[in-house]
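One-based numbering along the sequence shown.
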Amino acid sequence: MADVAARAGVSGQTVSRVVNGSPRVDPATRLRVEAAMSELGYRPHRAARTLRTGRSQTIGLVVSTLATVGNSRMLQAVSDAAAARGLALVVVTVGAGVEDGVAGAFERLEDQGVDGAIVLNEATPLARAVTPPAGLRLVVVDAPARHRDAPADGSRAGAAPGSGETRGIDTVQTIDTIDMVNTVRTDHAAGARIATEHLISLGHTRVRHLAGPAGSFAAAERERGWRAALVASGLEVVEPVRGAWTSTTGYRAAAEIDDEATAVFCANDQMALGILRGLGERGVDVPGRVSVVGFDDVADARDYRPPLTTVRQDFDALGEAAVAALADGAGGVAAVIPTRLIERKSTASPR
């Protein structure tokens, strides 16, 4: 460590702070120390550092499945954010709807001495149904949460001004968190509302919704935003068709969209891909006869036929916020990541 300090022109304490992931280091200094470590081939001994600091510099990730695009994107984002902080990542998958699996996942992570765990998406309701090991810090991603210091009017604690969080939509708050739990979520409802308002602004009055699976917080929030936009404009709300985040279920749903519809807001891009194929096979032109909007802005969305108008979810920011909340948060943190509409060629005014 002394050699690294000499090469970087800093104190040994500064090198120690960089090694231990302390936020109390100037970014330029951190880069200089990291460069010196790389040049000298210096690698901190993780076990020794654990004994010295009481922290393993390892975090866990609990997820129900890695088969969905959203979860796999989040895994990459969390992995990148952890690596940037010098943290190792342990991933545990659990079956959907298996509370015992989540409890077992927490136990396995505790046995491996992780400093805390991030629980993703559909695994979060299961995680809230079990009691985590004492002292295991948690961050839940995309789950409703109510903090002890939440305002009595139901507004979200910790939502930064200008975050894009939807106001005027009843807040879903059904879970009381404990001190060790932080929450990070995308503002799904605001994104869905913006997407639906885009379609309404084009002149669409019969906007249908291809929703995600029941029990998914993200799906419920996106449906809520869609409903709110229609109600605010005095338009009819037809009950949504429900899919399972896959292009296959989107393809099947195309046959269930009524002939009166002129636009469909899909809860994710994969289902939008399927519905584009299904509508095409029925001879329905997009966007000539029906406009389609997705959610996520996956890498391939611009290559859909036609290129997909969609709501961009910032997975990198979500992953960074989750890791930061786990590494730096004192508990009771609620971060909300805004979304934005990406307009392409799958939407147009009705003819």
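Residues A261 and R289 approach most closely at O-NH1, 2.8 Å, considering heavy atoms. Nearest heavy-atom pair across A253 and V241 is CB-CG1, 3.7 Å. Closest non-hydrogen pair, G116 versus L326, comes out as C-CD2, 3.7 Å. The two residues G191 and V311 have their closest heavy-atom pair at O-CG2, 3.4 Å. For the pair L210 and G243, the tightest heavy-atom approach, listed with the atom from each and the gap, is CD1-N, 3.9 Å. Across all non-hydrogen atoms, the minimal contact from G294 to A272 is CA-CB, 4.2 Å.
Residues R277 and L273 fail the side-chain proximity criterion, which asks for heavy atoms closer than 4.5 Å. V94 places none of its side-chain heavy atoms less than 4.5 Å from the side chain of F106. Within the 4.5 Å cutoff, side-chain heavy atoms of W245 are placed close to those of M271. In this structure, the side chains of N71 and S64 come closer than 4.5 Å at one or more pairs of heavy atoms. Side-chain contact between V63 and L75 is absent, with no heavy atoms from C-beta onward closer than 4.5 Å. Counting heavy atoms from C-beta outward, N182 and V184 have side chains that stay 4.5 Å or more apart. With a 4.5 Å cut-off on side-chain heavy atoms, I59 and V114 do not count as touching. Annotation: side chain of S346 is not in contact with side chain of P287 (no heavy-atom distance under 4.5 Å).
At least one donor-acceptor pair under 3.5 Å links the side chain of R242 to the backbone N or O of G212. Checked by atom type and distance alone, the side chain of R7 never pairs as donor or acceptor with a backbone atom of L40 at under 3.5 Å. The backbone N or O of P213 lies less than 3.5 Å from no partner atom in the side chain of S216, so there is not a single donor-acceptor pair. R222 places a side-chain N or O within 3.5 Å of a backbone atom of A267 that can act as its donor or acceptor partner. Not a single donor-acceptor pair under 3.5 Å links the side chain of R208 to the backbone N or O of I257. When atom types are taken as modelled, the side chain of S79 and the backbone of Q76 share no donor-acceptor pair closer than 3.5 angstrom. The backbone N or O of A67 sits less than 3.5 Å from a side-chain atom of T65, completing a donor-acceptor pair. Without hydrogens or angle criteria, S291 side chain to A348 main chain gives a donor-acceptor distance under 3.5 Å. Side-chain N or O atoms of R344 include one that pairs as donor or acceptor with a backbone N or O of L308 at under 3.5 Å. A distance-only check finds no donor-acceptor pair linking the side chain of D142 to the backbone of A218 [under 3.5 Å].
Cluster annotation: I200 and L202 are assigned to distinct hydrophobic clusters (Ile/Leu/Val/Met/Phe/Trp/Tyr, side-chain heavy-atom contacts under 4.5 Å, transitive). Linking ILVMFWY side-chain heavy atoms closer than 4.5 Å, directly or via other members, places F295 and Y251 in two distinct hydrophobic clusters. Placement of V238 and L199 in two distinct hydrophobic clusters is found when ILVMFWY residues are connected by side-chain heavy-atom separations under 4.5 Å, directly or transitively. Linking Ile, Leu, Val, Met, Phe, Trp and Tyr whenever their side-chain heavy atoms come within less than 4.5 Å puts L235 and F265 in one cluster. Both L87 and L89 are part of a single hydrophobic cluster, where members link through side-chain heavy atoms under 4.5 Å apart.
Here the options are T68, L318, V140, V141, the test is side chain to side chain contact (heavy atoms under 4.5 Å, CB included), and the partner is L120; only V141 passes. Under the side-chain hydrogen bond (donor to acceptor under 3.5 Å, both in side chains) test applied with H204, the options T262, T347, T196 reduce to a single match, T262. Screening T339, D296, D297, D269 against T310 for a side-chain hydrogen bond (donor to acceptor under 3.5 Å, both in side chains) leaves a single residue, D269.
One distance of note links CG of L230 with NE2 of H209; it measures 10.0 Å at 0.5 Å rounding. Rounded to the nearest 0.5 Å, atoms CD1 (I194) and CG (D187) are 8.0 Å apart. To the nearest 0.5 angstrom, R73 atom CZ is 14.5 Å from L66 atom CG. The CZ atom of R32 sits 9.0 Å away from atom OG1 of T14, with the distance rounded to the nearest 0.5 Å. Here the OG1 atom belonging to T186 is positioned 13.0 Å from the CZ atom belonging to R312, to the nearest 0.5 angstrom. The OG1 atom of T246 sits 8.5 Å away from atom CG of N268, with the distance rounded to the nearest 0.5 Å.
For CZ of R302, the number of neighbouring non-hydrogen atoms (other residues, nucleotides, ligands) closer than 6.0 Å is 12 at most. Annotation: R252, atom CZ; neighbour count of heavy atoms from other residues, nucleotides and ligands within 6.0 Å does not exceed 12.
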Working for salt bridge (Lys or Arg N to Asp or Glu O under 4.0 Å), residues E221 and R193:
CA-CA 10 Å; E221 288 291 280; R193 186 163 189 164; over 6 Å; no
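Of the charged side-chain nitrogens involved, at least one lies within less than 4.0 Å of a carboxylate oxygen, so that R282 and D259 count as a salt-bridged pair.
Between F217 and H188, the angle of the ring planes goes over 60°, which puts this pair in the perpendicular group of the 30/60° scheme.
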